[in-house]
There are 2 protein chains.
Amino acid sequence: MARGSNSNGVRRYNERLVLSTIRRLDGASKADLAKITGLSPQAAVRIVEGLEADGLLVVAGRRTGGMGQPSTIYKINGDNGFTIGVEIGRNRLTCVLLNFDGVVLATQTHDVAFPQPEAVIAEIAQFARVQLAALAPERREAFLGVGIAMPWFIGEWRDEIGVSADQAKDWGRADVEAAFRSGLDCPVFFENDGNAAALAELLCGVGLGVENYLYFHIGTFVGGGLVLGGQIHQGRHGNAAALASMPVPTPGGRDFLLHRASLYSLEARLGSGDDAAIRQAWLEDCAEAIAFVTVGANSLLDLDAVVLSGALDEAALETLGQLVEGKIAASAPRDFFTPSLLRGRIGEVAPAMGAGLLPLYASYTPNLGSLLKGADD
Amino acid sequence: MARGSNSNGVRRYNERLVLSTIRRLDGASKADLAKITGLSPQAAVRIVEGLEADGLLVVAGRRTGGMGQPSTIYKINGDNGFTIGVEIGRNRLTCVLLNFDGVVLATQTHDVAFPQPEAVIAEIAQFARVQLAALAPERREAFLGVGIAMPWFIGEWRDEIGVSADQAKDWGRADVEAAFRSGLDCPVFFENDGNAAALAELLCGVGLGVENYLYFHIGTFVGGGLVLGGQIHQGRHGNAAALASMPVPTPGGRDFLLHRASLYSLEARLGSGDDAAIRQAWLEDCAEAIAFVTVGANSLLDLDAVVLSGALDEAALETLGQLVEGKIAASAPRDFFTPSLLRGRIGEVAPAMGAGLLPLYASYTPNLGSLLKGADD
DNA sequence: ACGTTACTAAATCACCTTAATAGATTTAGT
DNA sequence: ACTAAATCTATTAAGGTGATTTAGTAACGT
């Protein structure tokens, strides 16, 4: 059940801590690392030397100018590995190639009415073949795996976008995981699309200095991710931050956030009159619902921040953000600590990018669990 | 910022893990501990020997009957320390004396119209004097401190129970903490009343085997606590699980849970007709609101369980639980994993007891943070 | 030249792990 | 009733991993 710890766990954790610190600072010296982590200088030396020997770090120059001996700056070795991230959306498939530093090297999107597993697997395999072929041969070895971001319940909420039961039946979670694992000849990681997007913001976007936030991703459907203590919160069944099914009140009773803050609901309204007015009314509705969920979530969790993001253009996102801010201010209880309302930096590609980060997150994040026995790489 | 780890942290964590495991199993042998924690038998031996030498553990007998050499059972040494827990309620003050094993040795309650800090401090000091005088002299040394459980916003929501601004003004959080620390000559710990009650259930009640749950405490006002990963989730300002101010929909719009699921709201209704019918209608209202909050919280967090508790008699709590279960089933979305709906075991004294557990929780819980440097005792 | 800062090397400390051994009790056989 | 095997607990001793301490060296600015 609860496991003990030993010195192997200590090293594992300290290595990950060094890596993530270097990542966060975009380069650091051994002395910097010792100061920031509280490790002894000697420990920092040995850990950095080890990581350099393993090819995870490279020397990126010297920092001079101050007094004393100049410091040698180490950075993440982007060439140390590659991953592929995939977002399986309800009407689009997105593939990205990431390097070991989380930089997007290539992107491919493909609109599709409603995806089917075999076709998706074939497309991913094709993308991997093409992209890896373009790399130098010795680098191909360093392929770390594929991450898949998708709605867990792609088959539910079918009526909203006119998907038949027949189309949906191939998307049962266990079956899909098995099919992908056998169809792709490499490690495969899965995550909820909202959580994947939140992970991308956590590691490469607005979340770099934020430890606790709720992330809204407004796409065809609204999705969410929850970060607590700098870690993705998955919950018992991996279904946490299921924002689509958060209940919200409506004039006539109650409804789910999905129906109020998703682009499909905007698109369904468009074309029946003044589109600009319709868009504005939708934004109002959307903000009202998001503000309600935010107030509840923050009363429950006392967050640092709430991040708004998704497939909206920057102006619409900004308008939405201001509407939400206003509605929170108007409806918050007296004992409410309003969280910062941030805008996502990564945008539409966040779920795919987060998917690609999954293999790195699994092996190189300093989660405290890596201190325990049985957390072997 | 993020700290590294070393072998001292490992020992600290493993010691705490051993203590909590012995607590959970109500006694264990060295071999049991090695098996459960995954530590080597030798590590278990050294840790248990150390804890025994420090007086935290005592031999509680031998377990025989099975094959092989009988095992020596160790238990927490209740005499190793004492704490006092205090719940400052809006109309009552409760003090308890706990031993090192979390057993309640003495209780004192005192109804009071609306408490004032100086009077409360005097009463706690008096309780401490009397109770410690009754202990053997050598045990008095082992007094570990006082824990205080109170609503953070005792001055807010004044209108609901007719408290004047003048009465409330002495309860600003920072002032109160300073006053208690200087007025009581011992370590003082503070916690939100709901979180304290949840802590009592976590360490001594229904939460012993549950890692992630939301706790409802229905008293004069409704309070809450949130346990994630076996730890109290406090949030950025210590204001997490502020269930009183969770928004809920009503036929006419929206309201706060406080107004729908608190005993003051029942009492306000009573006396204007058939009390049994009023009580039933209130339970319905209450269940509706709690179910709404539960569905939202579980969509957000994907919990293991939800715990209902408070100052209701057992029958009322059971009725409420069944109503909530029914309303959750009726309103849950399709992608909803229903959490177990548990009833609290500790009841009305939970906040005071949890307060008394705070000093123990701070020093002896195997939170992963204790693995890091700078987490010294 | 001198102080400052970065870094390195060797010895040491703390803790966990492994392997071998002793001890205590039940079970099964005689 | 006695003995031997099996089983499990517990201890002893040696070994391993990793962080820390201490002392020293290297490189730079003033």
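Each chain gets a letter, A, B and so on, in the order its sequence line appears, and its residues count up from 1.
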Between the protein and nucleotides 8-10 of chain C, list every N/O to N/O distance that falls short of 3.5 Å.
| residue | atom | partner | partner atom | Å |
| --- | --- | --- | --- | --- |
| C:dT8 | OP2 | A:Lys30 | NZ | 2.8 |
| C:dA9 | N7 | A:Gln42 | NE2 | 3.4 |
| C:dA9 | N6 | A:Gln42 | NE2 | 3.0 |

Sort me out a list of protein N/O and nucleotides 27-30 of chain C N/O pairs below 3.5 Å, or just none if empty.
none

Mind listing the N/O atom pairs, protein and nucleotides 14-16 of chain C, below 3.5 Å?
| residue | atom | partner | partner atom | Å |
| --- | --- | --- | --- | --- |
| C:dC16 | OP1 | B:Asn14 | ND2 | 2.9 |
| C:dC16 | OP2 | B:Arg11 | NE | 3.3 |
| C:dC16 | OP2 | B:Arg11 | NH2 | 3.3 |

Base-pair string, DNA chain C, Watson-Crick plus G-U, cut-off 3.5 Å on both distances, | for inter-strand, is ||||||||||||||||||||||||||||||
Per-pair distances, 0.1 Å, donor-acceptor, side chain in residues 34-58 of chain A, under 3.5 Å, sequence neighbours excluded:
| residue | atom | partner | partner atom | Å |
| --- | --- | --- | --- | --- |
| A:Thr37 | OG1 | A:Leu33 | O | 2.6 |
| A:Thr37 | OG1 | A:Leu39 | N | 3.2 |
| A:Ser40 | OG | A:Ala43 | N | 3.2 |

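Each of B:Asp304, B:Val227, B:Leu301 was scored for a side chain to side chain contact (heavy atoms under 4.5 Å, CB included) with B:Tyr213, with one residue passing: B:Val227. The residue from B:Gln234, B:Arg236, B:His233, B:His237 that alone fulfils the side-chain hydrogen bond (donor to acceptor under 3.5 Å, both in side chains) condition with A:Asp302 is B:His237.
Heavy-atom nearest nucleotides on DNA chain D were determined for A:Gly38 and for A:Gln69, and the one closer to the 5' end corresponds to A:Gly38.
Judged as a salt bridge (Lys or Arg N to Asp or Glu O under 4.0 Å), the pairs with a partner in residues 69-78 of chain A (not counting sequence neighbours) are, in order, A:Asp26-A:Lys75.
Pairing each heavy atom of B:Leu226 with each of B:Ala241, the nearest pair is N-CB, 3.7 Å. The shortest non-hydrogen separation linking A:Ala149 to A:Ala196 is CB-CB, 3.6 Å.
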- Yes or no on ring-ring contact (aromatic ring centres under 6.0 Å, His included) for A:Phe189 and A:Tyr361, after CA distance, side-chain angles and deciding distance? CA-CA 10 Å; A:Phe189 297 76; A:Tyr361 179 72; 9.9 Å; no
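Using a 4.0 Å heavy-atom cutoff across all strands shown, A:Arg62 reaches sugar-phosphate atoms only and no base atom.
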